[in-house]
Amino acid sequence: MISVALLHRPRDLRLAEIPGFELEFDQVMVDVAACGICGSDLRYYHGENPWALHTLGVSLPNPHNIVLGHEFAGTVTDAGGFRQLLGKRVAVMSFKTCGACQHCRGGHENLCRNTTHLGHGAGWGKLEYYPGGMADRCPAWGNLCFELPDAMIFEEAAMLDVVGVGVHAARVGGVRPGVSIAVFGAGPIGNAIMQASRAMGASRAFVVDTYEVALEIAIKCNATAAIEAVEADPVKAIFEANSGACSVVFDTVGSVDTLRKGVALLAEGGTLVNMAVHDMNLTLNSLDIGSERSIKTSCNFLPEEFPLSLSLVESGQIDVKPWITHRFPLREISKAFDVALNKEKHGAFKVIIEPAS
Ligand SMILES: [Zn+2]
Ligand SMILES: [Zn+2]
């Protein structure tokens, strides 16, 4: 039996003992040391299915009995056919694409509709329980486990999934040396996008949020300026600080308000990248996207972007340590979710579950 954080059904998250998962031929067993609670875990908790919204473009229900957790790292304790990984500290890439579809063969694995995901129900077919990283142990794919450099701690390694999303978004937006970028929403994804854009050469990187803790962390992580969105008009503030519009704007909120403000900030030929697709209509005056402005969405990341993210964190070009504000053992999963769901009340930014503690 293993202890897990089980999302039995929407808003019913329990600490549970369930039978351990058996390894498939391409898997290894990872004793989980650190697993992040992600914004999408909170969406799963509420019954949304963000992966289906982003990748399939449809709103789908989730199956029952998902062990949550897709941002994790740990130690390989059963290596199956991957002997070289036995006893190694690894970062886990939590999704496996099919390799055979048009998207996989075309180098767009992040769009594979046959993806199997740890930490949510996609791709497994019907199971009694769906494996995930908020557990003592979790099976992971051997070829998608990356050995950690000695200096990288598990908490940092658990953040690589988030960094990967940021790296991919910066690439989708076409960030290049010398540009100015802005990010609406300075949570972990927004912060990862800001730092990835910096690593790719952005000269100025602005973030906008209403949450003071997120703004402070953005400054620690080398944002040019962090704009409080209630008191200041973010569009005006960024125009002034940047002496003009931004080439790339990222919207991690996905509301009508952030879309309009984001478009208003775009330079001619610029790109707005929407990171939060919701099942709702957005209205926009099409004049505002004249002069070759474009709006794109960004889904997850490419397999090559996971080791790239590891290098960016290892080299210090991206710093995830300031993100982590709270740590909980697995047995305190309810408390951990309470903090993550009410982050402003608790001053939280990133909450980590440490099953081994
Ligand atoms: Zn995530
Ligand atoms: Zn595929």
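In each ligand, atom 1 is the first atom listed, and ligand 1 is the first ligand listed.
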query: Does D136 reach the main-chain N or O of I2 with its side chain, forming a donor-acceptor pair under 3.5 Å?
result: no
message: Do R89 and F154 form a cation-pi contact, if we require the NZ or CZ to be under 6.0 Å from the six-membered ring centre and within 45 degrees of the ring's axis?
response: yes
task: Under the salt bridge (Lys or Arg N to Asp or Glu O under 4.0 Å) rule, what do K96 and D26 come out as? Steps first, then yes or no, please.
output: CA-CA 11 Å; K96 185 184 78 163; D26 56 350; 3.3 Å; yes
field: Criterion salt bridge (Lys or Arg N to Asp or Glu O under 4.0 Å) on E304 and R171, from CA distance to verdict
entry: CA-CA 12 Å; E304 70 190 51; R171 286 179 148 183; 3.0 Å; yes
field: Of the protein N/O/S atoms, how many lie under 2.8 Å from the Zn ion (ligand 1)
entry: 3
message: Donor-acceptor check, side chain of D251 to backbone of G254, threshold 3.5 angstrom: yes or no?
response: yes
task: Decide yes or no on salt bridge (Lys or Arg N to Asp or Glu O under 4.0 Å) for K350 and E71, but give the supporting numbers first.
output: CA-CA 11 Å; K350 193 77 192 178; E71 302 175 351; 2.9 Å; yes
field: ILVMFWY network linking V213 to I352, side-chain heavy atoms under 4.5 angstrom
entry: yes
- line: So the protein N/O/S atoms within less than 2.8 Å of the Zn ion (ligand 2) come down to C98 SG, C101 SG, C104 SG, C112 SG
- prompt: Going through the checks in order, is the side-chain contact (heavy atoms from CB on, under 4.5 Å) test met by T258 and F250?
  reply: CA-CA 9 Å; T258 53; F250 301 89; over 6 Å; no
message: Using modelled atom types and a 3.5 Å cut-off, is there a donor and acceptor pairing between side-chain atoms of E228 and backbone atoms of E231?
response: yes
